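Encoded as structure tokens, the structure appears first; notes follow it.
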Number of protein chains: 2
Amino acid sequence: MQLSNNNYRKSKQRTQILEILKNTNIHPTAIWIYDKLKSEFPNLSLGTVYRNLSILNEQGLILKIKNGSTFDRFDAHISPHYHLICEECGSITDLDIDINDIINEIAIKVTPFIIKHHKIDFFGTCQICKNKKNL
Amino acid sequence: MQLSNNNYRKSKQRTQILEILKNTNIHPTAIWIYDKLKSEFPNLSLGTVYRNLSILNEQGLILKIKNGSTFDRFDAHISPHYHLICEECGSITDLDIDINDIINEIAIKVTPFIIKHHKIDFFGTCQICKNKKNL
DNA sequence: TTCCATGCAAACTTTTTGCATTCAT
DNA sequence: ATGAATGCAAAAAGTTTGCATGGAA
């Protein structure tokens with residue numbers, strides 16, 4: 001969403017959406033939040049939930065958990081590897097380093113969750129965009 | 001997609017989709033592949049591309065790069081942390097370990113990409129699902 | 001000859017947007 | 001009084017599916 005504005009007013013709906021997110025650790029979807037708030041705001045619309053989630057995300061009060069892009073992406077390079085995701089242009093490139101086992105070991109020590117594998121995405125600026133910005 | 005079948009026949013379209021994916025490192029979207037193949041198969045449909053990508057993914061010949069779910073998820077816990085994603089039920093929980101700096105340092109050494117931050121998702125089975133399966 | 005794969009279009013899922021109204025400032 | 005936020009519904013964006021036809025085994 002393109003929000004050029006940063007002169008926000010208070011709204012009960014937005015306050016409650018943030019409150020709900022602060023008090024849960026399940027990383028909810030928009031509909032889950034919508035359902036939670038339906039009893040308090042019987043006329044609430046999903047659009048309002050999405051709009052407020054965007055605003056809260058823009059304000060840095062919440063995180064939107066997403067991949068680098070809205071499109072699914074596909075890769076025939078199936079052996080485990082990590083990705084470099086450019087925040088300027090959305091490009092995804094491979095990073096071939098092997099830190100796999102160390103990380104699983106560290107994580108396995110502190111959680112009862114059964115860890116089978118992991119994925120690391122590095123975010124930043126690719127060389128092409130870096131050069132463009134330096135011109 | 002629900003593909004109960006694993007008796008696949010050869011198809012020129014699927015062969016070429018795999019070929020394209022093997023020969024690029026840009027992690028393309030479905031439409032990008034579709035556009036690439038339009039000259040070779042003028043009647044190609046996007047549906048065919050998606051169907052074949054699902055089949056190739058099911059066969060383990062390619063990877064679909066996606067989050068744990070099709071829904072965006074939101075989090076008010078904005079300080080850096082990693083996620084445990086259950087492959088059985090799709091739940092996302094936090095893992096609070098601090099291996100942040102080590103990983104960035106390792107990666108920075110081997111790429112000119114400007115790394116600002118990273119994200120780690122651990123995949124496996126959560127405790128609830130583990131218990132359900134043991135019953 | 002069987003039935004998997006295709007093209008086409010329609011349906012579906014998730015998210016965004018336009019518009020008139022309501023509400024915070 | 002101003003214009004941001006809302007509810008509602010329609011549209012958009014991305015992906016999947018039904019169906020008749022074509023093609024591999």
Side-chain angles (χ1 to χ4, degrees), chain A residues 1-21 27-59 61-74 90 92, chain B residues 1-20 27-59 61-75 90 92:
Chain A
M1 191 186 273
Q2 194 72 319
L3 295 166
S4 42
N5 183 353
N6 50 0
N7 178 210
Y8 298 111
R9 293 182 184 175
K10 207 185 263 187
S11 100
K12 285 176 183 169
Q13 287 85 340
R14 186 152 69 245
T15 305
Q16 286 305 89
I17 288 170
L18 181 56
E19 211 47 44
I20 283 183
L21 279 171
H27 308 76
T29 59
I31 315 107
W32 187 90
I33 295 167
Y34 170 77
D35 288 337
K36 276 264 167 189
L37 287 175
K38 256 296 185 183
S39 50
E40 186 172 356
F41 305 98
N43 297 323
L44 182 66
S45 84
L46 239 195
T48 295
V49 174
Y50 275 112
R51 252 186 301 236
N52 279 312
L53 287 167
S54 286
I55 292 171
L56 291 168
N57 183 60
E58 200 202 53
Q59 293 177 319
L61 296 172
I62 65 167
L63 288 177
K64 187 171 184 169
I65 303 174
K66 241 195 177 183
N67 262 316
S69 151
T70 48
F71 290 86
D72 282 351
R73 285 165 172 271
F74 301 89
I92 302 183
Chain B
M1 192 187 275
Q2 196 73 320
L3 295 166
S4 41
N5 181 356
N6 51 359
N7 179 211
Y8 298 112
R9 292 181 185 179
K10 207 184 263 184
S11 100
K12 285 177 182 167
Q13 288 85 341
R14 184 152 70 246
T15 305
Q16 285 306 89
I17 288 170
L18 180 56
E19 211 46 43
I20 283 183
H27 307 74
T29 59
I31 314 106
W32 188 90
I33 295 167
Y34 171 77
D35 287 338
K36 276 266 168 188
L37 287 176
K38 256 297 184 182
S39 50
E40 186 174 356
F41 305 98
N43 297 323
L44 183 65
S45 83
L46 240 195
T48 296
V49 175
Y50 276 111
R51 250 186 303 233
N52 279 312
L53 287 168
S54 287
I55 292 171
L56 290 168
N57 183 61
E58 201 202 54
Q59 294 177 319
L61 296 171
I62 66 167
L63 287 177
K64 188 170 184 171
I65 304 174
K66 242 195 175 179
N67 263 315
S69 149
T70 50
F71 290 86
D72 283 351
R73 284 165 172 270
F74 301 88
D75 193 353
I92 302 183

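Fair warning: this is a prediction, and the values are worked out from it, not measured in the lab. Residue numbering restarts at 1 for every chain, and letters A, B, ... go by the order of the sequence lines.
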### Residue whose closest nucleotide on DNA chain C lies nearer the 5' end, B/Val49 versus A/Lys64
B/Val49
### Task
In whole angstrom, give the distance that lies between atom OH of A/Tyr50 and atom P of D/dA10.
19 Å
### base_contact_polar (C/dG18 base, A/Arg51 side chain, donor-acceptor, <3.5 Å)
yes
#### Entry: Nearest-nucleotide comparison on DNA chain D, the residue closer to the 5′ end among A/Asn43 and B/Thr48
A/Asn43
### Message
To the nearest 0.5 Å, what is the distance between CG on A/Leu21 and CD on A/Glu19?
### Response
9.5 Å
### Query
In whole angstroms, how far is the P atom of D/dT6 from the CD atom of A/Glu40?
13 Å
### Distance, nearest 0.5 Å, that separates OG of A/Ser69 from NZ of B/Lys66
12.0 Å
### Task
Quick one: label B/Thr70 by what it contacts on the DNA or RNA (base, sugar-phosphate, nothing), any heavy atom closer than 4.0 Å.
sugar-phosphate
### Message
If I take atom OH in residue B/Tyr8 and atom P in nucleotide D/dA24, what distance separates them, rounded to the nearest angstrom?
### Response
18 Å
### Query
Given that A/Asn52 and B/Ala30 both sit by DNA chain D, which one's nearest nucleotide is further toward the 5' end?
A/Asn52
### Message
Within the 4.0 Å heavy-atom criterion, would you say A/Ile31 contacts the bases, only the backbone, or no part of the nucleic acid?
### Response
nothing
### Query
B/Gln13 has an atom CD; how far is it from atom P of D/dG22, in whole Å?
14 Å
### Task
To the nearest 0.5 angstrom, please state how far the CD1 atom of A/Ile17 sits from the CG atom of A/Asn52.
4.5 Å
### Query
Taking A/Arg14 for the side chain and A/Arg9 for the main chain, is one N or O donor matched with an acceptor at less than 3.5 Å?
yes
Atom pairs under 3.5 Å, N or O on each side, protein against nucleotides 20-24 of chain C: can you list them with distances?
from, atom 1, to, atom 2, distance (Å)
C/dA24, N3, A/Arg9, NH1, 2.9

### Task
Drop me the distance from B/Tyr50's OH to B/Ile55's CD1, to the nearest 0.5 angstrom.
15.0 Å
### Query
Rounded to the nearest Å, what distance is computed from the CG atom of residue B/Leu46 to the C1' atom of nucleotide D/dT17?
14 Å
### Message
Rounded to whole Å, please give me the gap between CZ in B/Phe71 and C1' in D/dA13.
### Response
15 Å
### Any donor-acceptor pair under 3.5 Å from A/Arg73 side chain to B/His27 backbone
yes
### Message
For a quick check of understanding: with a heavy-atom distance under 4.0 Å over all strands, which category does B/Lys66 fall into, base, sugar-phosphate or nothing?
### Response
nothing
### Message
In this structure, how many angstroms lie between the C1' atom of D/dT15 and the CH2 atom of B/Trp32, rounded?
### Response
20 Å
### Message
Can you tell me how far apart CD (A/Gln16) and CD1 (A/Ile20) are? Round to the nearest 0.5 Å.
### Response
6.5 Å
### Query
Whole-Å distance between D/dT6 P and A/Leu53 CG?
11 Å
